[in-house]
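Any value given below was found using the heavy atoms of this structure, including those in side chains, with hydrogens, waters and symmetry copies removed.
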Amino acid sequence: AMTNLNTVFRTEWLMLRRSGLLGWLLGLLLLAGGYAIFYGKTEIERQQATIALLHHDEQTRLDTLRAHLALDTTVAANRQAWQDARDPYFADVDGYRYAIDEPRPLAALALGGRDLRSFYQPVAARSLLRQVDLTELVNPQKLLAGHFDLSFVLVYLLPLVIVALTYNVLSAEAERGTLALLRSQPFSVARVLGLKLLFRFALVLGAVAVLTLLAGVVNRVPVGEAGQLLLWLGVAAAYVAFWFGVSALVVAQGRTSAFNAVALLGLWILLVLVAPALTQLALDRRHPLPDRAEVLGRVRQEYATVRPKAETLRLFYEKNPQFSRSDTTSPALSLMVYYARNELVDRNLAPLVNRQEAQLLAREAAVRAVRGLLPAVNAQDLFNRLAGTDEESHRAYQAALRRFHQTVKDFFVPKKFANHAMTAADYDQIPVWNPTPAPTPPVTGGVLALLLGAALFAGAGAWLMRRWR
């Protein structure tokens, strides 16, 4: 058995080298993968540069406010800045923090929706809906291709390399007139076909491993995240195995090379392009995306609603009795009404926001239900999960953003209603965005679906090969 393995592998290596096909295909794959790696790195570096500017801006504003607390108030020109720095309202609106969705170590490999959504958000104590980029309420087109990153190369282009390497592994023997000689050997044609495919599988997987290692080095993935790279390679291996299973089924039918090539390209079009597009259309009909314009309009309408100050405060005090006060002549009354109006925006629009979030969750659930039947969508989703650019990771960021907004409100609003004067110690206690990193969503189910598909197709091919024994 080992002799047969060595003989087939050595023969395949020599034939592929002489034909020049191997060099061209792997060379193009490595070239496309290398470009994709550097493209993803450039995109993440651009975002990291923006994040660095945000941190600098945040620190500069807070340092300026702290410095204003120490101004000499005997100088008339300093008094307004000193008063503003002591006011919780100005400390809130001028000293706001940024809630930043930091890219994870593998983000450059699968950019996912990071280009479609804001990865940072200024957070003050006013209405969250008046601050957030409402495009976040629109779920990115999950089934459509994104950037030319490494995941795009693996999901969309790698199957074409596999097709080119496998479409004639059996038919070429018949076309060269060597199939009869092969059938006269003591080992079965089916065994030879399996070894041929195994050899090509090893070559392709080796190229993917090189790209994965290169991506880790170029993007300086920490050693502690090496397990994530191994999971990435595992997902890629399962996807490669799926397409080799598809090829095994097609070539095992014993048709011509031309037929095999057309059939495999047709399956690539069906599984990678047509089926996801049709699924997208079905989702749009059954689970349409929420209407962003509706939320934008309702936010403007709600905040523009004119209520008497007493009525606005009464509604606010019903939910926040700890702030209730009978003093209606305070100079700070207008700002108390400001915070009350902003809270009413979030409170009154909560049912609409919850309904739209439920729509998105229902849509995501529908995608998960059919994901196992859509190998390209499944693989892309798995890569995005490992990179932290999937929908679940973004929802975790949104949940952390809402919690942080509540923390900021709990810090500033009581101080404003108590007419508290900010001190340097208060500035040191302003809440800081420091969320607990969300765990990587599981990928086991998706990988098993790919392997099951590979086994079914390969098993069907093996059954067809019984006639070649």
Side-chain angles (χ1 to χ4, degrees), residues 33 35-51 54 99-121 132-133 135-158 211-212 215-216 218-222 225 227-236 239 276 280 289 357 360-361 363-364 367-368 371 374 376-401 435-447:
Y35 172 79
I37 290 169
F38 282 97
Y39 178 90
K41 179 176 184 290
T42 301
E43 178 65 20
I44 293 301
E45 285 180 342
R46 183 189 64 80
Q47 295 188 5
Q48 288 173 331
T50 299
I51 290 171
L54 296 177
I100 299 173
D101 186 11
E102 297 276 356
R104 294 190 188 176
L106 302 190
L109 281 65
L111 293 168
R114 285 192 69 89
D115 64 313
L116 301 175
R117 303 179 292 246
S118 176
F119 56 89
Y120 66 90
Q121 176 62 54
V132 297
D133 179 3
T135 57
E136 291 181 353
L137 295 176
V138 179
N139 188 12
Q141 300 297 314
K142 190 181 183 73
L143 304 181
L144 295 182
H147 284 295
F148 194 87
D149 52 25
L150 184 57
S151 68
F152 178 90
V153 171
L154 297 181
V155 171
Y156 291 89
L157 303 185
L158 184 59
L211 287 174
T212 302
V218 168
N219 291 285
R220 300 179 181 178
V221 175
E225 299 290 335
Q228 294 295 95
L229 279 176
L230 289 176
L231 284 175
W232 176 281
L233 184 58
V235 171
Y239 190 60
Q280 182 73 41
L289 290 169
E357 288 181 349
L360 291 178
L361 289 174
R363 186 182 177 93
E364 288 296 311
V367 171
R368 285 195 300 271
R371 190 176 61 193
L374 303 169
V377 174
N378 186 13
Q380 184 67 68
D381 182 69
L382 294 174
F383 287 136
N384 289 349
R385 286 179 174 223
L386 292 174
T389 57
D390 62 311
E391 290 303 305
E392 191 170 338
S393 297
H394 183 62
R395 281 197 296 273
Y397 165 69
Q398 290 180 310
L401 172 61
T436 302
T440 301
V443 298
T444 306
V447 170

Below 4.5 Å, heavy atoms only, C-beta onward: do Leu106 and Glu225 meet side chain to side chain? no
Quick one: do Ile44 and Leu111 satisfy side chain to side chain contact (heavy atoms under 4.5 Å, CB included)? Show the steps, please. CA-CA 8 Å; Ile44 293 301; Leu111 293 168; 3.7 Å; yes
Inter-residue atom distance Leu229.CG - Thr212.OG1, 0.5 Å rounding: 7.0 Å
Heavy-atom check, side chain of Val218 versus side chain of Phe38, under 4.5 Å: yes
Using a 4.5 Å cut-off on heavy atoms from C-beta on, say whether the side chain of Gln380 contacts that of Tyr156. yes
Give, for atom CZ of Phe119 and atom OG1 of Thr389, the distance between the pair rounded to the nearest 0.5 Å. 14.0 Å
Side chains of Phe383 and Val235: does their closest heavy-atom pair fall under 4.5 Å? yes
Does Tyr397 use its side chain to pair, donor to acceptor, with the backbone of Ala99 at less than 3.5 Å? yes
Should Asp381 and Arg368 count as an ion pair when the cut-off is N to O under 4.0 Å? no
Taking atom CG of Leu382 and atom CG of Leu231, what is their separation to the nearest 0.5 Å? 10.0 Å
Kindly check if the number of other-residue, nucleotide or ligand heavy atoms within 6.0 Å of CZ (Arg46) is above 12? yes
Side-chain (Tyr239) to main-chain (Val155) donor-acceptor, under 3.5 angstrom: yes
Just so I know, are the side chains of Pro103 and Arg114 near enough to count as touching, which here means a heavy-atom distance under 4.5 Å? yes
Passes side chain to side chain contact (heavy atoms under 4.5 Å, CB included), Asp149 versus Glu43? Steps please. CA-CA 10 Å; Asp149 52 25; Glu43 178 65 20; over 6 Å; no
To the nearest 0.5 Å, atom CG of Leu386 lies from atom CG of Leu233 at 11.0 Å
So does Arg117 pair up with Glu391, basic N to acidic O under 4.0 Å? yes
Shortest non-hydrogen separation from Ala110 to Ala387 and the atoms involved: O-CB, 3.5 Å
Below 4.5 Å, heavy atoms only, C-beta onward: do Ser393 and Asn384 meet side chain to side chain? no
Leu360 and Leu289, any side-chain heavy atoms less than 4.5 Å apart: yes
Interatomic distance, CG@Leu109 vs CZ@Phe152, rounded to 0.5 Å, equals 15.0 Å
Check whether any side-chain heavy atom of Arg395 sits under 4.5 Å from a side-chain heavy atom of Glu364, and report yes or no. yes
Shortest non-hydrogen contact from Leu374 toward Pro276: CD2-N, 4.2 Å
Would you please test Val153 and Tyr39 for side chain to side chain contact (heavy atoms under 4.5 Å, CB included) and show each step? CA-CA 12 Å; Val153 171; Tyr39 178 90; over 6 Å; no
Give a yes or no on whether the backbone of Pro442 and the side-chain of Arg385 come within a donor-acceptor separation of less than 3.5 Å. yes
